[in-house]
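Below is one structure, written out as structure tokens; comments come after it.
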Amino acid sequence: MRQSRLLIPTLRDDPGEAEIVSHRLMLRAGLIRKVAAGIYTYLPLGLRIIRKVEQIVREELNKSGAQEVLMPIVSPAELWQETGRWDFYGKELFRLKDRHERDFCLGPTHEEVITDLVRREVRSYRQLPANFYQIQTKFRDEIRPRFGLMRGREFIMKDAYSFDVDEAGATESYRKMYDAYVSIFTRCGLNFRPVEADTGLIGGTSSHEFMVLADIGEEGIAVCDACNYAANVERAELNAGPPPAASESARVKQLVSTPGHKTVEDVTAFLNLPAAKLVKTLIYLADGKAVAVLLRGDHAVNEIKLKKVLGATELVMADPATVEKLTGAPVGFAGPIGLSDTRIVADFEVKNLVNAVVGGNAADRHWVDASPGRDFNPDQYADLRNALTGDQCPRCSQPLRVVRGIEVGHVFKLGTKYSEKMKATYLDQQGQEKTIFMGCYGIGIGRTAAASIEQNHDAKGIIWPVSIAPFHVHMLALADKSGKVQATVTELEEQLEQAGVEVLVDDRDERPGVKFNDADLIGIPYHIVIGEKGLAQGQVELKERRTGTVTKLAPSEVVPRLKKLLIQ
RNA sequence: CGGGGCGUAGCGCAGACCGGUAGCGCACUCGCUUGGGGUGCGAGUGGUCGUGGGUUCAAAUCCCGCCGCCCCGACCA
């Protein structure tokens, strides 16, 4: 392929809109261009990369027995109303009406559509198990699209859905997909880690996220170096911590004036204490009933855990009026002392505090030197927060480390959540009607490419792994007075293409420096430099992008050498 | 949605405080030059200054509204 015939608009300057490496380099290397916030056009080079990732996904999924289908992007509201997600999905769902004012949406995911298909077409246990996947553009009206392809409103996703006769079958399907994902991300050359995850909006019973380790990752992962436990910080289970090292003796509690100091920062700054010495009291409405939730000032509540502990189906923070009615104080001064009629749950770490600050349940008042067990007694201690570095591993009690990751894949065991609501059933061997067990599985195609750049780049640009590189080889034709360069380039291009090596020839009338810099920026793994100087000695140069290693060799050696390198 | 920042040529920016009819670098076109790490010189092309209104003899510049984009945060009492 000739570079002069492809639109590869490289940029010398960093575009102002891009903050992170992969976004910047995708724009600079001419892979993508933005159309609107979170919506991009894939240029020829970018599209080739996307197709490479898709191909790997296809091959591995086909190998695992999944079958490819293609569902519509637009789906009718009725299907979403059946599962309740028409309302539950909220503003993230792109909605539209047709000319008859009927409601539709642009698919953010396809559980409803595929389950509808399966309930119509699958009757018998003989047709199961089945696993359907598609690679398709998805739409989610994200609250804040960012980082180029990392979090777009329109993006390409591989989504798959498994259907089994029972729980055991579903577990087997899940395991197969998990294994396929490991193969896929390994082939993409990523440093990744499967971690235990929460099930979020999709719902279901168990789930793993495939995280590419990178500092710019939007997700926190708690990892244990001692026993290999890894989980999303939202998911990681935390046990009651070690009993407190008896550092200080409990003093008598006092009510002090904290005029106007409502937030954790304000109060601790005013009292000159660390946030870890404060207990914050959050008032929630769990299915309409007020609950006080106690956490250390420096900890963040995890509402998913809280919901489980409370056994609540609906959980919202109480409005200021309710808080005032309950505590007798404006928002900012709630505390557990004297809240006798209200259920109080506290995070495990609260139990370990001595001489803590708590709200006074009166305007501009806080208690200092309050101690749990003596001054207030929660109804229950539980795990209510996200994991932090230093917390104990739930498996082996060694300290956890929190690292950042990019979620490129997610596998869920759904159970019968959708099949029950949508009545997707089959007849078993006894002729009994049974509900189908489901699983669902996603991979962000563009995000996988972006994650690869985050892990594979240097100051000059991208360094693609061979498996997803837009081309295998970038052949740079330098100045050519004699015509020899052109002749060699044409000959080599032909030989390489015949050998199945994908080659991009930089045949532009540009200075050598421009070509070298653009080639480094684009990041094709091998460069062949052909110039008159080298040819005078019967040689061309082969450069490995990652290491910069240059090998001089005769033109006739190029094809065999590359074939060998590319097979590795 | 809350906070902050920004919209001036394809890209990166100056001009704005102090109103006088738009500029720099890169890119692009043409000519010469150069030809192994973003050559050099010259001549050009390209902008309703995001948008609507207002103030003024005069608005990129001052005032108000709207739109878009980027960053941070988002029930944390």
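The sequence lines fix the lettering, A, B, ..., with proteins before strands; numbering per chain opens at 1. Nothing here was measured: the structure is a model prediction, and the numbers come from that model.
Atom P of B:rC57 sits at a distance of 28 Å from the matching atom of B:rG15, rounded to the whole Å. Between B:rG2 and B:rG44, the distance separating the two C1' atoms is 50 Å to the nearest Å. B:rU51 sits 7 Å from B:rC67 when the C1' atoms are compared, rounded to a whole Å. Nucleotides B:rU29 and B:rG46 have their P atoms positioned 15 Å apart, rounded to a whole Å. Spacing of C1' atoms, B:rU33 relative to B:rU45, comes out at 22 Å, to the nearest Å. Comparing the C1' positions of B:rG12 and B:rA77 gives a spacing of 45 Å, expressed to the nearest Å. Look at the P atom in both B:rG73 and B:rG65: the space between them is 28 Å, to the nearest Å. If you take atom C1' in B:rG42 and the same atom in B:rA59, they sit 36 Å apart, rounded to whole Å.
Electrostatic pairing of A:Asp458 and A:Arg545 counts as a salt bridge here, judged by a charged N lying under 4.0 Å from a carboxylate O. Using a 4.0 Å cut-off between charged side-chain N and carboxylate O, A:Glu493 and A:Arg2 make a salt bridge. Ion pairing between A:Asp379 and A:Arg343 fails under the 4.0 Å rule for side-chain N and carboxylate O. Comment: A:Lys138 does not engage A:Glu154 in a salt bridge, judged by the lack of any side-chain N to carboxylate O separation of less than 4.0 angstrom. Remark: A:Lys543 engages A:Asp520 in a salt bridge, criterion side-chain N to carboxylate O under 4.0 Å.
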Protein N or O to nucleotides 3-9 of chain B N or O, pairs below 3.5 Å:
none

Short N/O separations, protein against nucleotides 22-32 of chain B, under 3.5 angstrom:
from   : atom 1 : to      : atom 2 : distance (Å)
B:rA27 : OP1    : A:Arg12 : NH2    : 3.1

Give me the distances for all protein-to-nucleotides 74-77 of chain B N/O pairs that come in under 3.5 Å?
from   : atom 1 : to       : atom 2 : distance (Å)
B:rC76 : O2     : A:Lys280 : NZ     : 3.2
B:rA77 : O3'    : A:Lys262 : O      : 3.0
B:rA77 : O2'    : A:Gly332 : N      : 2.4
B:rA77 : O2'    : A:Gly332 : O      : 3.1
B:rA77 : O2'    : A:Phe333 : N      : 3.2
B:rA77 : N6     : A:Ile283 : O      : 2.9
B:rA77 : N1     : A:Ala318 : O      : 3.4

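Following rounding to the nearest Å, A:Lys552 (NZ) and B:rG36 (P) show an atom-to-atom distance of 13 Å. For the pair A:Leu476 CG and B:rG38 P, the interatomic distance rounds to 14 Å; values are reported in whole Å. Distance NE2 (A:His527) to P (B:rG36): 19 Å, rounded to an integer number of Å. Distance CG (A:Leu521) to P (B:rG37): 18 Å, rounded to an integer number of Å. If you take CD1 of A:Ile20 and C1' of B:rC72, they are 15 Å apart, rounded to a whole angstrom. Taking atom CD of residue A:Glu218 and atom P of nucleotide B:rC71, one finds them 10 Å apart after rounding to whole Å.
If you check every strand for non-hydrogen atoms under 4.0 Å, A:Gly359 touches nothing. Within the 4.0 angstrom heavy-atom criterion, base atoms lie near A:Asp509. Residue-level contact check: A:Arg296 touches neither bases nor backbone, having no heavy atom under 4.0 Å from any strand. Across all strands, A:Lys460 comes closer than 4.0 Å to base atoms (heavy-atom distances). As judged by a 4.0 angstrom heavy-atom cut-off over every strand, A:Asp14 is placed among residues touching the sugar-phosphate backbone only.
Checking A:Leu11 against A:Lys515, the closest nucleotide of RNA chain B that is more toward the 5' end is the one next to A:Leu11. Of the two residues contacting RNA chain B, namely A:Glu19 and A:Glu541, the nearest-nucleotide position lying further toward the 5' end is that of A:Glu541.
Checking B:rG36, B:rG12, B:rG35 against every side-chain atom of A:Arg511, the shortest atom distance belongs to B:rG35. For A:Arg146, taking side-chain heavy atoms from C-beta onward, the closest of the listed nucleotides B:rG36, B:rG38, B:rC72 is B:rC72. Of all nucleotides listed (B:rU39, B:rG37, B:rC69), B:rG37 comes nearest to the side chain of A:Asn517. For A:Pro15, the listed nucleotide lying nearest its side chain is B:rG12; candidates were B:rG12, B:rG36, B:rC70.
Checking B:rC6 for Watson-Crick or G-U wobble geometry (two distances, each under 3.5 Å) identifies B:rG68 as its partner. The partner of B:rC13, taking Watson-Crick or G-U wobble pairs whose two distances both stay under 3.5 Å, is B:rG23. If you check B:rC32 for Watson-Crick or wobble pairing at under 3.5 angstrom, you find it paired to B:rG40. Here B:rC1 sits opposite B:rG73 as a Watson-Crick or G-U wobble pair (both hydrogen-bonding atom distances under 3.5 Å).
For A:Lys91, the NZ atom is loosely surrounded, since the number of other residues' heavy atoms within 6.0 Å does not exceed 12. Enclosure of atom CG in A:Asp14 by more than 12 non-hydrogen atoms of other residues, nucleotides or ligands within 6.0 angstrom is indicated.
Figure legend: cation-pi geometry between A:Arg447 and A:Phe155 absent, as NZ or CZ is not positioned both under 6.0 Å from the six-membered ring centre and within 45° of its axis. For the pair A:Arg95 and A:Trp86, the distance from NZ or CZ to the six-membered ring centre is under 6.0 Å and the angle to the ring normal is within 45 degrees.
A:Arg140 pairs with exactly one of A:Arg153, A:Arg151, A:Met157 by the side chain to side chain contact (heavy atoms under 4.5 Å, CB included) rule, that one being A:Met157.
A:Asp369 and A:Gln254 are not linked by any side-chain donor-acceptor pair at a separation below 3.5 angstrom, with hydrogens and angles left out of the test. Between the side chains of A:Glu454 and A:His457, no donor N or O sits under 3.5 Å from an acceptor N or O. Side-chain contact, A:Asp364 with A:Ser257: no donor N or O sits under 3.5 Å from an acceptor N or O.
When atom types are taken as modelled, the side chain of A:Asp383 and the backbone of A:Glu237 share no donor-acceptor pair closer than 3.5 angstrom.
In the interface, the side chain of A:Lys543 is paired with the base of B:rG37 through a donor and an acceptor atom under 3.5 Å apart. For A:Asp520 against B:rG37, a side-chain-to-base donor-acceptor contact under 3.5 Å is present.
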